[in-house]
Amino acid sequence: MSDIKYFDHAATTKMSKEVLDAMMPYLTDYYGNASSVYSIGRKSREAVEAAREKVAAAISAKAKEIYFTAGGSESDNTIIKGVAKAKKSKGNHIITSKIEHPAVLETCKQLEKEGFEVTYLDVDSRGVVDLEQLKASIKPETILISIMFANNEIGTIQPIKEIGAIAKENHVLFHTDAVQAVGNTPIDVKEMNIDFLSMSAHKFYGPKGVGAMYIRTGVVIDKLIAGGHQERSKRAGTENVPGIVGMGKAIETACSSIEKNAAYLSGLRNYFMDEVGKRIPHIRKNSNTDCCLPGTANISFKYIEGESLLFMLDAKGICASSGSACTSGSLDPSHVLLAIGVPVEVAHGSLRISIGLENTKEDIDYLLDCLSEIVERLRSMSPLYEDFLNGKYKL
Ligand SMILES: *Cc1c(COP(=O)(O)O)cnc(C)c1O
């Protein structure tokens with residue numbers, strides 16, 4: 001395990017020691033149900049409420065606007081379906097983008113089957129939504145705009161404040177999936193006119209299976225999970241106290257040094273992007289550097305398969321991703337790369353590197369060495385590359 005080089009922080013992060021230490025008492029001695037009246041129950045309640053304050057502070061919300069969930073997917077589902085149900089009598093139209101996470105896209109597809117109409121906005125070559133198209137798409141039946149804060153495959157950060165202003169002007173509710181953004185880039189839900197926000201602890205060095213939603217005071221939505229009165233009746237189920245405590249600690253740590261961390265990560269990312277371009281020919285850089293998460297780099301290596309690249313990197317102890325969740329070995333190219341205009345054949349050779357705080361320049365140099373060697377080897381076995389060399393084919 002020790003010689004693993006981990007470059008997949010957009011998939012998940014390693015929980016930090018201080019987060020584990022904060023959680024430990026609630027995994028052992030303080031096991032009380034946060035709804036119970038006796039002392040160990042109250043101890044859990046206090047810990048949950050302290051974490052809620054920290055999560056709220058991180059995005060400039062009020063504590064009572066934060067509801068804990070089991071993660072980003074649950075938050076996305078609860079908010080989008082909750083708005084759809086609550087506002088059905090007002091309208092049936094939802095606006096989102098073509099590059100959302102499956103937790104948003106699949107939820108929208110489910111709603112389409114139930115009679116909702118969904119507009120999927122285009123993005124430009126950097127992955128930024130077209131604000132004019134957004135304005136033009138709003139109609140009297142529009143009940144929700146759901147646009148992700150930052151993309152999980154290419155890292156693009158959207159003009160969230162502008163989108164929030166457009167939503168407000170048109171009296172449409174605005175949700176943002178900020179799972180990749182929290183802890184990586186500053187967020188102020190009031191200034192940005194955000195009505196709903198989703199986040200997940202394991203993307204910022206917290207534990208897996210715990211997340212939160214921000215729901216602006218005054219906005220009423222239907223609940224997804226019915227049952228007890230936990231989370232002020234918005235999300236039933238006994239609170240995951242250790243997870244929530246860990247999330248509070250993780251978000252406090254991440255948000256106290258966003259600028260410093262972003263400078264460190266973007267330094268490594270920019271070094272990687274520059275060097276990879278110098279060392280390996282026939283590549284396409286899919287991540288922009290002007291509106292992008294600090295640690296994310298997505299590149300296509302022409303004439304090779306991304307999956308083969310991943311396996312060979314794994315053999316060298318390198319953890320990376322093809323950028324898309326290639327579930328069940330499906331070879332469908334990434335919907336995000338296609339949306340920014342990457343040709344299908346080029347998209348197949350894509351790699352997502354997501355750099356984290358424990359990575360060093362030496363790690364990046366090792367990655368660059370391995371990549372140069374592997375890409376050259378894969379190309380030497382590729383019939384497409386041979387055709388390219390013979391002038392019969394060009395990507
Ligand atoms: C990881 C991720 C999710 C899903 O979060 P989980 O906590 O794993 O359910 C949703 N949206 C984005 C953008 C993500 O990166």
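For ligands, and for the atoms within them, numbers begin at 1 and follow the listed sequence. We count residues from 1, following the sequence as given.
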* Does NZ belonging to K168 count more than 12 external heavy atoms closer than 6.0 Å? ->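 No.
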* To do: Answer yes or no: does atom NZ of K90 have more than 12 heavy-atom neighbours from other residues, nucleotides or ligands under 6.0 Å?
  => yes
Protein heavy atom at shortest distance from [atom]:
atom                   : answer
atom 4 (C) of ligand 1 : S73 OG, 3.6 Å
atom 3 (C) of ligand 1 : H101 NE2, 3.5 Å
atom 7 (O) of ligand 1 : S200 OG, 2.6 Å

* Hey, do the aromatic rings of Y393 and F388 have their centres closer than 6.0 Å? ->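 Distance test on ring centres: not under 6.0 Å, no.
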* **Heteroatom distance test (D177, ligand 1): nitrogen or oxygen, under 3.5 angstrom** =>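 In this structure, D177 places an N or O atom under 3.5 Å from an N or O of ligand 1.
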* **Polar contact flag for H202 and ligand 1 (N/O pairs, less than 3.5 Å)** =>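 N/O-N/O distance below 3.5 Å exists for this pair.
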* Lys/Arg cation over aromatic Y120: K98, 6.0 Å, 45° cone -> no
* Asked: Do R379's NZ or CZ and the ring of Y385 fall within the cation-pi criteria of under 6.0 Å and 45°?
  ->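 Yes, a cation-pi geometry holds between R379 and Y385.
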* **From A150, S198, G72, A103 - option closest to atom 6 (P) of ligand 1 by heavy atom** =>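 Looking at heavy atoms only, the winner is G72.
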* Asked: Should one rank K203, K208, Q180, E153 by closest heavy-atom distance to atom 2 (C) of ligand 1, which comes out on top?
  -> K203
* Determine whether I244 and I59 fall in the same hydrophobic cluster, where Ile, Leu, Val, Met, Phe, Trp and Tyr are linked whenever their side-chain heavy atoms lie under 4.5 Å apart. =>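 Yes, I244 connects to I59 through the hydrophobic network.
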* Check ligand 1 against G71 and write out every atom of the ligand that is under 4.0 Å from a heavy-atom position of the residue. => 7 (O)
* Mark up the atoms of ligand 1 that fall under 4.0 Å of a heavy atom belonging to N152, in ascending order. => 13 (C), 15 (O)
* **Y6 side-chain N/O to D8 backbone N/O, donor-acceptor pair under 3.5 Å** => yes
